[in-house]
Structure formats: structure tokens, C-alpha cells
Amino acid sequence: MPDHGYQYIAGGFRTGTAGETHDVINPADGSVVASTDLAGPRDVDVAVAAAKAAHAGWSRATPGERAAALNSLAAAMSERVEDYAQLETAQAGKPIKLTREFDVPGSIDNVSFYAGAARNLEGKAAAEYDGLHTSMLRRESIGVVGSIAPWNYPLQMAIWKVLPAIAAGNTIVLKPAEITPLTSLMLAEDCTRAGIPDGVVNVLTGAGRVVGEALLTHPDVRMTSFTGSTPVGMRVMELASKTVKRVHLELGGKAPFVVFDDADLEAAVQGAVAGSLINSGQDCTAATRAYVQRPLYDAFVAGVADVMRTVRLGDPKDPSTDLGPLVSLRQRDSVAGYVDRARGYGATIVVGGRVPGGELAKGAYYEPTLVTGVAQDAEIVQEELFGPVLVVLPFDTDDEGIALANDTPFGLAASAWTRDVVRSLRASREIQAGCVWINDHIPIVSDMPHGGYKASGFGKDMSQYSFDEYTQVKHVSIDITGDVRKDWHRTIFGDR
Ligand code: NAD
């Protein structure tokens, strides 16, 4: 990491020109991890110009050359797994076992996946579809991509944006969340170490309103790829419309967890605790609303309460810690506000619902929390609160369970728990979400798409589907008749 200069442009670090600094805070204890300069609109112009200049060469590199560069990137990152894990834990408060076992290896696997995808340009066969022309398809890069990422999985979100874009021959300016920019900057450094040409990957540390909006309105940025909250996503779409940019939106979630009465109760209990508490619940696919068919309801609530009480909240650097702090005091206070208001309108807080005291009081900690006794239209059921909070509600018929699962504006992910094949197929068909797990909740793979339905956005991250989104398809049509006056000219010239 640099001593100063937290803008990575054209292969090197520079100091931002916003004239402001921002302290990256370790949410476990409030200490300063780094004091970063911030980018301003002038830095956006310089970074976009660098990306535009790099596009001509990078887009003409052969798929094999791009794949080789990405394989080198995977190797460069693999040399620094522990550094990535420690820095991610320090800036985001994630437990070290999560960053070591999930965030960093998952990111490197994604890089390797896109090294393969770079050589896999899909399309319809060239042929004479009308007998008069040879049609062929070109799958081309789009140009400069401007990407904006959130703080919950800083490295993974950067990877999900950068890799499909550059594998397809685009160049990119990435703006990570200003509270967690450090591992994205390490990634940019590793791109250079791996031999990816200067200007292909640029990272700007700065505020959403300043750097994000400048990227969204810049005429030389041809595509915007955004991961973040639904309200900001709406603003992104509006601003991108001014220059008709291609838009890719990965937005908020409020994943349902539907337990039918034939489910393996113990598996559902374990899955609900793990699925709701992963990354302290700051996961767009986290289980947030469990709907449990009436015969299992009481046993499920009691089981989840028992398991939740065993979860070890503590120092994220300690390998035995299950749950670290939330990303910031602001986020913790927001989560506490949702639970306090639910308490106010009569909810039962079965477990947790408090800011812990003692040693943990200096960090942004919040206890794992289980809530019952709320109505389907309560804000704690309908809104994304992004914390370690699971709400449980009962249902009677299968129809009701599925209807409740679909009854929020979101549609990112969901799970259904049943041993009945018909019920599982019905749930996978009828739940409106970009991913439906059966008898599990959370696992993702680089090979399969991730993305939302409804207010959770559109466009896919990961997999070949994401690679394809960062390309545009051109139809090339070549006359093979050699005729001066083509047959279709009759419609213009009549029979002359
Ligand atoms: P956020 O929307 O507040 O911010 C996301 C990014 O947008 C940040 O980099 C921020 O600086 C920037 N930004 C803010 N205002 C902007 C503006 N006016 N113009 C341009 N950029 C702006 O989200 P967050 O709090 O950082 O992250 C949490 C959210 O991200 C949750 O809603 C979560 O569900 C979502 N998320 C979704 C996915 C997914 O795949 N669908 C994955 C991870 C996180």
C-alpha cells in the first residue's frame, strides 16, 4: 500500500485532487487503518482518459493473451492471500476465517474463471440465412466501463466488476466504497504486477456523490456497472440515461427462507443461523425472513434461538471468532434502530437485540438477533436492514408460504427447505428471485450467475452470463450475389 496517493491511475498511485481526506476505520476498535486522499472530478477525467487510451490495445489483444494476463493475475493474488485477508478484515471487520476461506479464495477463483471465459466468445454460426448474404457475428468490447461497488465484500465486489469487464476487452475505472477502498487498490497493483497494461484497470477512492456521479455522467464511459442499495441504484439509472450508457444493477435484497412442514428441522435451523449471520448479515443474499409452516414453527424458533446463542461475537482477527462488528458505527446504529422500532410496535426479541458492552463496546458490534411477533407489512420484514437479524413468521398453506416469500419489492435470492421433490420444484419455479436454493442458503460459484429480479436489479455477476453483458454483439452482413441491383430494390424502384 502507498504512503500517500490512494488513486490508482495508468499503472501507478497518485494523490486525489478533491482536497479532502478520509480515514478508513477498523470497525472492531475504531483505530485508523489508513488516511486516504479523495478523488475529485478532475481525477475522474484523468482516469477515464487513461482507460480510453488503453482500450485500443487491450481490446485488440487476442483472447489467449488476455487469458494469460488473467492467469498471471490469479498467480499474483495467490502470493498475497494472507495480506488480502488481513487488510479486508481490518477495513471491513470481517472475521479472519471468512476472509481467508471465502472472500480471498473465492475472488481468485473468479479471476481464474474469467481467464477461461476470455477465450469463450459465444454466438450464432455464420451462414447464409437469406441465401443472399453471409451473416456473421462479432462479439466486441464496449469501451470504458465505470463501476461503483459497495463495502460489504470489498474485494469480491471489485473482482465481480473488474474481471468480466477486462476479460471481454474493456477497460475500467472502479470506484469502491470510500470506507473500504484498500483491497481494491491492492487488486489494481496486482494487475500491474501481472503485466496487465497500464490504464486497463484504474481505481478511484472517493465519494459516491462526487466520483460516482462524475463517472455516471462522463461521455467517454460507455457502460456503468453498479452494486449497492436500491435507492442509489435508481439514481444511477437516472444519471446513466443522460448519455445512454449500458446499465448493470446489482441492488438490495431481503431473502426469504421458507421452511415447509416436511423439512429436516435441524438442517433448517443450522442453515437459518448461518445464512442470516454470514458477514454479520451484511450480505445482499442473507436469510432475513424465515417463513415456517405452522407444525414446525415453535421448534424452529427454539432451535434457532439455541444455536444463535452459541455464536461467538468478538475480535475479527481471532480465528475462533464467528461474528465480527458491523462495518461502521453508522451501520450498527441503523440496525439497532430497526430492532428498537420493532420492539416499540410489540415484536418479541427472542435473542440479542442489543449493542454489547464490555470490551466490544469500542467497536461497531451488534448481537445476533432473533425477532418474532411481527406483521408481514412491518418495516423489519419489508426493508433491507443489513445486519445480524433474522425475523421468523408462521404460515399455514404452501400457497401462503410462497406468496409471503414474494411479498417484498426485492427478488435477489431465496431458499426453500423440504424433502418433497414436488414442493422443491414448485418453490424453485414460483419464488421470484435470481437464485433459489433448496435445502441450503448462501453458497455461490464462479460458474453460475448471480443477480436480481424486481427491485434487486438486472444484469448478472459471475459466470459466462456476466462476461456476455460486458460485450456487444455486431451483425456483419456480406452480400454474396454481386448484383448491382439487389432483389429487394424492387420495393424502391418498382419493376424498372
Ligand atoms: P450504497 O448504495 O450506499 O453505496 C454503493 C456505492 O455507491 C458506494 O461506492 C457509494 O459511494 C456509491 N454511491 C453512493 N451514492 C452515489 C451516487 N449518488 N452516485 C453514484 N454512486 C453513489 O450501498 P452500500 O451501503 O455501500 O452497500 C450495501 C448495499 O449493497 C445493500 O443494499 C446490498 O444489498 C447491496 N449489495 C448488493 C449486491 C448484489 O449483488 N445485488 C451485492 C452486495 C451488496
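Just so you know, ligand 1 is whichever comes first in the structure, and atom 1 is the first atom listed for that ligand. Given the structure is predicted, the values throughout are model-derived calculations rather than measurements.
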Show me which atoms of ligand 1 lie under 4.0 Å from any heavy atom of Leu412. 41 (N)
Looking only at heavy atoms, is any part of Leu216 under 4.0 Å from ligand 1, and if so is it the side chain, the backbone, or both, or is it neither? side chain
Hey, which atoms in ligand 1 end up nearer than 4.0 Å to a heavy atom of Met157? 42 (C), 43 (C)
Kindly identify the option in Phe386, Trp160, Tyr153, Phe226 whose heavy atom sits closest to atom 33 (C) of ligand 1. Phe386
To which of Cys284, Gly459, Ala214, Ala286 does the heavy atom nearest atom 42 (C) of ligand 1 belong? Cys284
Arg289 to Tyr291 six-membered ring, cation-pi geometry met (6.0 Å, 45°): no
Neighbour count above 12 (heavy atom, 6.0 Å) for Arg343 CZ: yes
Residue Lys317 excluded, over 12 heavy atoms near NZ under 6.0 Å: no
At less than 4.0 angstrom from any non-hydrogen atom of His450, what atoms of ligand 1 do you find? 39 (C), 40 (O)
Interfacing atoms of ligand 1 (cut-off 4.0 Å, heavy-atom, Gly253): 34 (O)
Taking atom 10 (C) of ligand 1 as the reference point, the nearest protein heavy atom with its distance: Lys175 NZ, 3.9 Å
Do Asp23 and Ser35 meet the criterion of a side-chain donor-acceptor pair at a distance under 3.5 Å? yes
Should the heavy atoms of other residues, nucleotides or ligands under 6.0 Å from NZ of Lys52 be counted, would the total exceed 12? no
Candidates Val273, Val350, Val307 - the one meeting side chain to side chain contact (heavy atoms under 4.5 Å, CB included) with Leu370: Val350
Taking every heavy atom of Val445 against every heavy atom of Met462, the minimum-distance pair comes out as O-CE, 3.3 Å
Counting heavy atoms only, which of Gly208, Gly228, Ser456 comes nearest to atom 20 (C) of ligand 1? Gly208
Going by atom types only, do Ser147 and Lys175 share a side-chain donor-acceptor pair under 3.5 Å? no
For Glu250, counting its heavy atoms only, list the atoms of ligand 1 lying under 4.0 Å from any of them. 37 (C), 39 (C), 40 (O), 41 (N)
Check Arg426 with Glu430, please: is the shortest side-chain N to carboxylate O separation under 4.0 Å? yes
Mark up the atoms of ligand 1 that fall under 4.0 Å of a heavy atom belonging to Gly212, in ascending order. 20 (C), 21 (N)
Strictly under 4.0 Å, does any heavy atom of Gly457 approach an atom of ligand 1? no
Is it the case that over 12 heavy atoms from other parts of the model lie below 6.0 angstrom from the CZ atom of Phe458? yes
For a quick test of reading the model, state the closest non-hydrogen atom pair linking Trp417 to Gly271 and the distance between them. CH2-CA, 4.0 Å
Which residue and non-hydrogen atom of the protein lie closest to atom 44 (C) of ligand 1, and at what distance in Å? Asn152 ND2, 3.3 Å
Strictly less than 4.0 Å: does any protein heavy-atom distance to atom 40 (O) of ligand 1 fall in that range? yes
Tell me: protein heavy atom nearest atom 8 (C) of ligand 1, and distance? Ala149 O, 3.3 Å
At less than 4.0 angstrom from any non-hydrogen atom of Glu178, what atoms of ligand 1 do you find? 11 (O)
Closest approach of any protein heavy atom to atom 24 (P) of ligand 1, naming residue and atom: Trp151 NE1, 3.3 Å
What protein heavy atom sits nearest atom 31 (C) of ligand 1, and how far away is it? Glu384 OE1, 3.3 Å
Among all protein heavy atoms in this structure, tell me which lies nearest to atom 1 (P) of ligand 1, with the distance rounded to 0.1 Å. Ser229 OG, 3.6 Å
Can you find an N/O atom of Glu213 closer than 3.5 Å to an N/O atom of ligand 1? yes
Need the ligand 1 atom indices (1-based, order shown) with element for anything under 4.0 Å from a heavy-atom of Thr227. 5 (C), 36 (N), 37 (C), 38 (C), 39 (C), 42 (C), 43 (C), 44 (C)
If we ignore angles and hydrogens, is there a donor and acceptor under 3.5 Å between the side chains of Ser456 and Lys454? no
Tell me whether Thr230 has any N or O atom under 3.5 angstrom from an N or O of ligand 1. no
Distance-only side-chain donor-acceptor flag, His248 / Glu469, under 3.5 Å: yes
